[in-house]
Protein chains: 2
Amino acid sequence: MRASSVDHYILQALEESSEHITSAQIYERVRAHLPAVNPSTVYRALERLAHNGKISISDLGRGAMVYQSMNAGAHDHLVCQRCGEIIHLEHDRFKEIFSALEAQYGYRMVTNHLVLWGLCPACQSESEAGG
Amino acid sequence: MRASSVDHYILQALEESSEHITSAQIYERVRAHLPAVNPSTVYRALERLAHNGKISISDLGRGAMVYQSMNAGAHDHLVCQRCGEIIHLEHDRFKEIFSALEAQYGYRMVTNHLVLWGLCPACQSESEAGG
DNA sequence: ATCGCAAATGCAATTCTTTGCATTATAATA
DNA sequence: TATTATAATGCAAAGAATTGCATTTGCGAT
C-alpha cells in the first residue's frame, strides 16, 4: 500500500473538523495544499480510506455524503426525516448487538456512524395535522 | 393528498418484487404502464412515498439506491463492505433499542431497513493478508 | 541509475439523482 | 360551468459520484 499526500490532507481535514464534513468541503481543504488536485482523485482517496477502515461515510440526508475520521469517537445519529434535525447517540448503546452479530456471523463490524431515521416530536404533529 | 397513478405502479412494482429493487428497475416497470413517464417524476414519487412512510430507501452499496415497500416485513441488512454480501437480519433484534430511543427522544422511529456494514469472514482474511 | 510493476492521478464521459420553472391535471368551491 | 388553489408532471440543467483509459508517480529489484 502506497502512501498518498491526498490521503494525508483528507485525514488532516477530517481530524481538524469536529463535525462531519462533505466531500465538497474536503475537496476545498485538500486544494488548499494541492491546488491542481482533481475531484475524482479525492473521491477515490475517500473510497480507499473508507475501504481501509480509516474513515466512515454516512448519508445524513443533506444531499451529499458526509465523512468522518474513524479516530473520532464512535457515535451514531438519529435524524429527523422531515426537518433534518440530528441527535447524536452514544455508540455504546449498540455495542451489545454488534458483538452478538460478530459472534453469530463471523463478521467484523465496521459501522460506527450508524444513521437511524425517524420523525421528531414537532414533525410528528405536523404530520398528523397535514395527513 | 392527491392520488397519483405513478405512485400506484411504483407500489405495485415493489409489492411484486420480493427483493429490493433499484430506481432503474422501478422506472422500467412504471414505463410498462405509462410509456411517456419522466424519470424525475418517478424519483419525485419515490421521495413522496418515502416521506409518507409507504416505502423505504436504502443504500446497499450497489451504486444506486434500492427501494422496498413498508408492507414487506421489516428487516435489516448486514452488508460486507468489500464483497457486497448481504445478510438479512430480523428486525426484532433492534426493537428494544428503537423503543428506548422513542421513549427518550420522543421520536417516532421510521427506519425499518437498517444497513449495517462490516467485513465478512472471507474478506477479513484477505484484508489481513493484503494489508 | 535504470527497469518494471503496481498504485495513484488527471481528464472526460457517464451514471444516478435532484432541482427550477413552466405547464397540466385534479379536486373543491362558487 | 367557470374559478381557484394545490399537486403532479415534463423538460432541461445542475449536482454528486463513479468509471474508463491513458499517463504519471513511487517503490523495489537489478
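To find a chain, count down the sequence lines: A is the first, B the second, and so on, and within it residues start at 1. Everything quoted here is computed from the prediction, not taken from an experiment.
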Checklist entry - Between A/D76 and A/R93, is the closest basic N to carboxylate O distance under 4.0 Å? => result no
When you check the phosphate oxygens OP1 and OP2 of [N], does a side-chain N or O of [X] lie under 4.0 Å from one of them?
X     : N      : answer
A/S4  : C/dA8  : no
A/Y43 : D/dT18 : no
A/T41 : C/dA8  : no
A/S23 : D/dA17 : yes
B/R48 : D/dT9  : yes

Item to check | B/H77 ring center within less than 6.0 Å of B/H20 ring center | outcome: yes
Item to check | Output field: ring centroids A/H91/A/H75 closer than 6.0 Å | outcome: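 No, too far apart.
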Checklist entry - Taking the nucleotide of DNA chain D with the closest heavy atom to each, which residue, B/N38 or A/V66, is nearer the 5' end? => result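 Final value for this comparison: B/N38.
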May I have the distance from [X] (atom [atom1]) to [N] (atom [atom2]), rounded to whole angstrom?
X     : N      : atom1 : atom2 : answer
A/E47 : C/dA8  : CD    : C1'   : 13 Å
B/Y27 : C/dC16 : OH    : C1'   : 13 Å
B/R44 : D/dG10 : CZ    : C1'   : 8 Å
B/D59 : C/dC16 : CG    : P     : 13 Å
A/L46 : C/dA8  : CG    : P     : 14 Å
A/D7  : C/dA7  : CG    : C1'   : 11 Å
A/H51 : D/dT18 : NE2   : P     : 14 Å
B/Y9  : D/dA8  : OH    : P     : 17 Å

Next on the checklist: Can you tell me how the ring of A/Y105 sits relative to the ring of A/Y107, calling it parallel under 30°, perpendicular over 60° and tilted otherwise?
Outcome noted: perpendicular
Checklist entry - Side-chain donor or acceptor of A/S40 under 3.5 Å from a matching atom on the base of C/dC11? => result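 Answer yes: a donor N or O sits under 3.5 Å from an acceptor.
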Next on the checklist: As an exercise, state the distance from CD of B/E85 to CG of B/L78, rounded to the nearest 0.5 Å.
Outcome noted: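 With rounding to 0.5 Å, CD (B/E85) is 8.0 Å from CG (B/L78).
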Checklist entry - Which of the following nucleotides, D/dA17, D/dT18, C/dT17, is nearest to the side chain of B/M65? => result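 In terms of side-chain proximity for B/M65, the closest of D/dA17, D/dT18, C/dT17 is C/dT17.
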Next on the checklist: Any base atoms under 4.0 Å from A/A45, or only sugar-phosphate, or nothing? Heavy atoms, all strands.
Outcome noted: nothing
